[in-house]
Amino acid sequence: MARMDRTKKAEVVTSLNGLFGEAGSVVVAHYSGMTVAQMGDLRTRMRAAGASFKVAKNRLAVRALQGTPAEAITHLFKGPTGIAVSRDPVAASKVVVAYAKENAKLVILGGIVAGSAVDAKGVKAFAELPSLDELRGKIIGLINAPATKLAGLLAAPGGQLARVIGAYSRKEAA
């Protein structure tokens, strides 16, 4: 592998630091033995969920973690590690856990979810929670249901009055 010069390393650290700083969740996993096609598939799934999967040198990733909420997971960066990151607290976890069920070569080590350091079991538990978009949809559904019922109730007396008037007009015409 080609050596990185200092400016490139500094750019990578700055980029990762920003990513870790604004992340709702960071999941660290070993990816040893995965093919390029499998990595591409994982990255595609991550993008579709609004997340990303990156591979970075462990030394640079550990340096980038300093001063971020994800600093508590520096011990996970040993061996061939990949980093799944999303702003949504559960999006990265959902995709990584689902992919790890299909591909045993992706091994979840742990991460930071909603500001808390968790192990692999914790990541899997968060993956079972609904995403922010799903929660928003449920809340909107709950808010809209009473409004729809209220609109139906308000329209009902007017509809009944129209039917009565319609019946009288048909009776008069006959």
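Index from 1, following the sequence.
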Please step through side chain to side chain contact (heavy atoms under 4.5 Å, CB included) for the pair E128 and V90, ending with a clear verdict. CA-CA 8 Å; E128 294 172 8; V90 295; over 6 Å; no

Hey, mind stepping through N17 and R63 against side chain to side chain contact (heavy atoms under 4.5 Å, CB included) and telling me if it holds? CA-CA 8 Å; N17 185 272; R63 202 175 312 158; over 6 Å; no

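Every residue meeting the side-chain hydrogen bond (donor to acceptor under 3.5 Å, both in side chains) condition with E102, not counting sequence neighbours, appears here in chain and number order: R45.
Although no hydrogens or angles enter the test, the distance criterion places a donor-acceptor pair under 3.5 Å between the side chain of Y99 and the main chain of Q38. Side-chain N or O atoms of S86 include one that pairs as donor or acceptor with a backbone N or O of A92 at under 3.5 Å. In this structure a side-chain-to-backbone donor-acceptor pair under 3.5 Å is present from T44 to G40.
Here the side chains of V96 and M46 are in contact, with some heavy-atom distance below 4.5 Å. Using a 4.5 Å heavy-atom cutoff, the side chains of M34 and L106 are in contact.
Linking Ile, Leu, Val, Met, Phe, Trp and Tyr whenever their side-chain heavy atoms come within less than 4.5 Å puts F77 and L109 in one cluster. Note on I83 and V107: separate hydrophobic clusters, where clusters join Ile, Leu, Val, Met, Phe, Trp and Tyr whose side-chain heavy atoms are under 4.5 Å apart, directly or indirectly.
In this structure, CE in M39 is found 10.5 Å from CG in N103, a value given to the nearest 0.5 Å. Interatomic distance, CD1 of I112 versus OG of S25, reported as 10.0 Å (0.5 Å rounding). Rounded to the nearest 0.5 Å, atoms CD1 (I73) and CG (D119) are 12.5 Å apart. Atoms NZ and OG1, on K9 and T14 in that order, are 14.0 Å from each other to the nearest 0.5 Å. The distance from atom CG of L42 to atom CZ of R47, rounded to the nearest 0.5 Å, is 10.0 Å.
Scanning both residues, V55 and R43, for their nearest heavy atoms gives CG2-NH2, 3.7 Å. The two atoms that bring G82 and F53 nearest to each other are CA-CZ, 3.5 Å, heavy atoms only. Shown here for A64 and L16, the closest heavy-atom pair between the two residues is CB-CB, 3.4 Å. Smallest separation of non-hydrogen atoms from V27 and S93: CG2-OG, 3.7 Å. Here the closest heavy-atom approach between residue K94 and residue A127 is recorded as NZ-O, 3.0 Å. Residue G21 comes nearest to T68 through the heavy atom pair N-CG2, 4.0 Å, listed as atom of the first residue, atom of the second, then distance.
For residues 70-84, the set of pairs meeting the side chain to side chain donor-acceptor pair (under 3.5 Å) definition, not counting sequence neighbours, comprises N58-T81.
V28 pairs in a side-chain contact (heavy atoms from CB on, under 4.5 Å) with only one of the listed residues (V123, V85, L76), which is L76.
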